[in-house]
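Okay, so here's the structure we're looking at.
Scope of the values below: all heavy atoms of this structure, side chains included, with no hydrogens, waters or symmetry mates.
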Amino acid sequence: AMLKLRLLTWDVKDTLLRLRHSVGESYAAAARAHGLQVQPETLSRSFREAYGAQSRRYPNYGRGQGLSSRQWWADVVRQTFRLSGVQDRGVLTVMAEKLYHDFCSARNWELLPGASQTLSQCQQRGFRMAVVSNFDQRLETILCQCHLRHHFDFVLSSEAAGFAKPDGRIFQRALSLAGVPPGQAAHIGDDYARDYRAARALGMHSFLLRAAQQGEQPEVPPEHVLPTLGHLLARIEK
């Protein structure tokens with residue numbers, strides 16, 4: 001192998017796992033269970049607004065401001081429904097609780113093509129593996145439910161770390177937990193700024209998982225781009 005790598009760190013959402021349904025569809029289904037008809041498109045729009053506002057006001061699940069991620073998400077759910085015209089307080093509280101739990105379960109997540117096989121092959125090659133993800137504390141449970149947790153030495157969420165990508169400190173924490181210098185580590189993710197550029201800024205190697213329709217970003221050399229996860233080992237072992 002050209003690259004002398006000892007550690008691979010992985011993003012999760014849209015790299016290894018993706019949502020089975022749009023957020024709007026999941027929220028609309030929760031509403032229907034309470035006899036409420038709300039359009040998924042309306043909920044998706046409201047969710048983007050509520051999530052954006054909450055993220056600006058309380059970055060990284062309010063970790064630095066004394067919020068729990070559970071409260072943080074409950075507020076997002078309630079505000080999403082309020083913006084969509086649902087005002088009943090009792091119903092909002094029940095739905096916030098239900099959706100928080102629903103998104104812990106494998107019912108709402110599916111593996112990206114090649115995820116299981118690629119992780120297994122990387123493990124068989126003897127790479128140490130870890131997760132570095134902008135996510136709340138539910139991540140461990142989700143990875144267990146989706147039968148991926150056993151591939152990783154440790155899982156570092158932004159909530160646990162106290163820093164969110166692209167902040168280099170979350171990568172530094174992972175490197176120090178693994179006891180591996182940046183030049184012997186590679187990060188795999190789907191976000192140009194948070195995954196690819198942030199890891200490289202620290203001296204790590206990095207690969208960008210990029211679907212064909214995402215348009216060209218010329219600053220990424222083709223040998224750093226993964227059209228699918230199945231391309232990873234060939235890139236590392238070139």
- Reported NE2-to-OG1 distance for the pair H151 and T118, which is rounded to 0.5 angstrom: 9.5 Å

- Item | S84 side, atom OG; E49 side, atom CD - distance, nearest 0.5 Å | 9.0 Å

- Query: In chain order, what residues pass the side chain to side chain donor-acceptor pair (under 3.5 Å) check against Q65, with sequence neighbours excluded?
  - Reply: none

- Message: Starting from L7 and following side-chain heavy-atom contacts under 4.5 Å between hydrophobic residues (I, L, V, M, F, W, Y), which residues can be reached?
- Response: V132, F154, L156, F163, I170, F171, L175, L177, V180, L202, M204

- Query: Would you call the rings of Y51 and W73 parallel, tilted or perpendicular if under 30° counts as parallel and over 60° as perpendicular?
  - Reply: tilted

- Item | side-chain contact (heavy atoms from CB on, under 4.5 Å) partners for A193, two or more places apart | D191, R197

- Heavy-atom closest contact (H21 atom, S26 atom, distance): CB-OG, 3.9 Å

- Enumerate the residue pairs fulfilling salt bridge (Lys or Arg N to Asp or Glu O under 4.0 Å) with a member in residues 132-141, sequence neighbours excluded, ordered by first and then second residue. D136-R138, E140-R149

- Distance-minimising heavy-atom pair for H205 and G183: NE2-O, 3.2 Å

- Message: Using the rule that Ile, Leu, Val, Met, Phe, Trp and Tyr join whenever any side-chain heavy atoms are under 4.5 Å apart, tell me whether Y192 and V225 fall into a single cluster.
- Response: yes

- Can you tell me how far the OG atom of S46 sits from the CD atom of Q79, to the nearest 0.5 Å? 8.5 Å

- Message: Distance check, rounded to the nearest 0.5 Å: I142 atom CD1 versus S133 atom OG?
- Response: 9.0 Å

- Message: Going by side-chain contact (heavy atoms from CB on, under 4.5 Å), name the residues that satisfy it together with S206, two or more places apart in sequence or in a different chain.
- Response: H187, Y196, A199, R200

- Query: Between CD of E110 and CG of L16, what distance do you get to the nearest 0.5 Å?
  - Reply: 13.0 Å

- Query: Any chance the rings of W72 and Y61 have centres within less than 6.0 Å?
  - Reply: yes

- Can you sort out the partners of T15 under side chain to side chain donor-acceptor pair (under 3.5 Å), two or more places apart, ordered by chain and number? D11, D190

- With sequence neighbours excluded, residues passing side chain to side chain donor-acceptor pair (under 3.5 Å) with R173: none

- Could you pull out the closest heavy-atom pair between A106 and R20, with the gap in Å? O-NE, 3.3 Å

- Hey, quick one: are L19 and W10 part of the same hydrophobic cluster, counting side-chain heavy atoms closer than 4.5 Å, chains of contacts allowed? yes

- Message: So, using side chain to side chain donor-acceptor pair (under 3.5 Å) as the criterion, who are the partners of Q117 when residues are at least two apart?
- Response: none

- Message: As a quick check of understanding, evaluate side chain to side chain contact (heavy atoms under 4.5 Å, CB included) for L148 and L17, giving each step before the final call.
- Response: CA-CA 10 Å; L148 294 181; L17 294 174; 3.9 Å; yes

- Just grab all the salt bridge (Lys or Arg N to Asp or Glu O under 4.0 Å) pairs involving residues 59-68, residues at least two apart or on different chains. none

- Item | Shortest non-hydrogen contact from C122 toward L233 | SG-CD2, 4.1 Å

- Do you reckon L111 sits in the same ILVMFWY cluster as F152, going by side-chain contacts under 4.5 Å, direct or chained? yes

- Message: V38 vs Y27, test: side chain to side chain contact (heavy atoms under 4.5 Å, CB included). Steps then yes/no.
- Response: CA-CA 9 Å; V38 192; Y27 281 40; over 6 Å; no

- Can you get from L83 to F81 by hopping between Ile, Leu, Val, Met, Phe, Trp and Tyr side chains that sit under 4.5 Å apart? no

- Message: Any non-hydrogen side-chain atom of V23 less than 4.5 Å from a side-chain atom of L43?
- Response: no

- Query: After noting the C-alpha distance and the side-chain angles of M95 and L36, does the key distance pass the side chain to side chain contact (heavy atoms under 4.5 Å, CB included) rule?
  - Reply: CA-CA 11 Å; M95 285 194 298; L36 298 170; 4.2 Å; yes

- Do any pairs count as a salt bridge (Lys or Arg N to Asp or Glu O under 4.0 Å) and have a residue in residues 75-104, sequence neighbours left out, and if so which ones? R70-E97, D75-R78, K98-D102, D102-R107

- Shortest non-hydrogen pair, N60 vs G162, comes out as ND2-C, 3.5 Å

- Message: Parallel, tilted or perpendicular, judged at 30° and 60°: which one describes the rings of W109 and F135?
- Response: tilted

- Message: According to side chain to side chain donor-acceptor pair (under 3.5 Å), does anything in residues 225-235 pair up with another residue at least two apart or in another chain? List the pairs.
- Response: T228-H231

- Message: For D14 versus L112, what's the shortest heavy-atom pair and its separation?
- Response: O-CD2, 3.7 Å

- List the steps, then state whether side chain to side chain contact (heavy atoms under 4.5 Å, CB included) holds for Y100 with S69. CA-CA 10 Å; Y100 182 84; S69 54; 4.2 Å; yes

- Only counting residues at least two apart or in another chain, list the ones meeting side-chain contact (heavy atoms from CB on, under 4.5 Å) with S44. S22, R48

- Candidates K13, R194, E159 - the one meeting side chain to side chain contact (heavy atoms under 4.5 Å, CB included) with N134: R194

- Out of curiosity, Q145 CD to N108 CG, how far, rounded to the nearest 0.5 Å? 10.5 Å

